[in-house]
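Keep in mind that this is a model prediction, so the values were computed, not measured.
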Amino acid sequence: MKRVERTVDLVWDHIRDIRELVMEELQSMPEEVQTAAAMTSSELLENAVKYADDRPPRHGTFTLEHSDDILRIEISNLFAGKEAIRDLSEQIDRISAAEDKGELYVQRLTEIAMMDGESIGGRLGLYRIAFEGNFDLELTSSNDVVTVIATRRAA
Amino acid sequence: MSTETFEHEGLLIRVTDDAGKVTIRCEGTSDARDPHKFLGITLKKLVERTKDKSMTVDLSALRYMNSASVAPLINLMKDLHASGVPAVFLWNTQVSWQRTNFMCMKTLAKTFNGIAVEAIA
């Protein structure tokens, strides 16, 4: 298993760097796997930035592990309180329980389409990771430090 | 034929108006924290001046798009539908992430009369 670990500043502009790192690291893999891993890393980091505690240190740990069989992406950082953790955990539970991830994704798009207002975000990232990226998601937390792990078969 | 371009943080929007047929072509990367600020507002303004015309929204040259960028595209569909502007959205189904967006948007578009989602292979 090959492992790449980075301490990342939880700043929006740095997310693009991690996407590029993942694409480069997985360049021997099929395009679908590379882009799925880059998208998943990016969406998880976006969540980390959005939910991060304002107290320093505002950084997290990004880990990519891969072999011929398995791809594992992990983001760990300090969250801004229990409510944000519970919210994320409930989303992951809902996604994990769904038998048809594609149907769940389209259902979420339909919900977004029915919302009023222009600045709606959609909170679509985890749904996308499960459906488009084909990753399984898992969350653990301890003392407000949240670790989100995404795993899928590499082949 | 008139051509205009809008650019922000790696996302380029090229707009051509050729005898009443408006084409919006998005290129590059859409990964803003709040895509409404540029992508959403730009698309909304373009719809407002596209009355009595038809529109093609070509997304096939996008290299990457974050999930937050999906909402402005859905809002675009809604606005075009509400304005009675017939439109077609184009995705590149040779690219895996675009293929899944194509499939999902095609399903969603069934609820909007006059809006079609098609593949560029």
Is it the case that more than 12 heavy atoms not belonging to [X] sit under 6.0 Å from its [atom1] atom?
X: B:Glu4; atom1: CD; answer: yes
X: A:Glu5; atom1: CD; answer: yes
X: A:Asp100; atom1: CG; answer: yes
X: A:Glu24; atom1: CD; answer: no
X: A:Lys2; atom1: NZ; answer: no

Between A:Met39, A:Glu31, A:Arg19, which has the largest tally of heavy atom pairs under 4.5 Å with chain B? A:Arg19
Counting only heavy atoms closer than 4.5 Å, note whether A:Glu32 contacts chain B via side chain, backbone, both or neither. both
Please classify the contact of A:Thr35 with chain B as side chain, backbone, both or neither, using a heavy-atom distance under 4.5 Å. side chain
Heavy-atom closest contact (A:Trp12 atom, B:Ala32 atom, distance): NE1-C, 3.5 Å
Show the nearest heavy-atom pair for residues B:Arg33 and A:Lys50, with the distance to one decimal. NH2-CA, 3.6 Å
How many angstroms lie between [atom1] in [X] and [atom2] in [Y], if you round to the nearest 0.5 Å?
X: B:Thr107; Y: A:Gln107; atom1: OG1; atom2: CD; result: 13.0 Å
X: A:Asp13; Y: B:Asp31; atom1: CG; atom2: CG; result: 9.0 Å
X: A:Ile112; Y: B:Lys78; atom1: CD1; atom2: NZ; result: 10.0 Å
X: B:Ile74; Y: A:Met114; atom1: CD1; atom2: CE; result: 12.0 Å
X: A:Asn134; Y: B:Ser96; atom1: CG; atom2: OG; result: 11.0 Å
X: B:Asn66; Y: A:Leu45; atom1: CG; atom2: CG; result: 12.5 Å

I want to check something: taking the side chain as every heavy atom from C-beta on, are [X] and [Y] in contact at a cut-off of under 4.5 Å?
X: B:Leu108; Y: A:Val106; value: no
X: A:Arg128; Y: B:Trp97; value: yes
X: B:Asn101; Y: A:Glu132; value: yes

Hydrophobic cluster identity match, [X] and [Y], side-chain contacts under 4.5 Å:
X: B:Leu12; Y: B:Leu62; result: no
X: A:Leu104; Y: A:Phe131; result: yes
X: A:Leu78; Y: A:Phe62; result: no
X: A:Tyr127; Y: B:Met103; result: yes

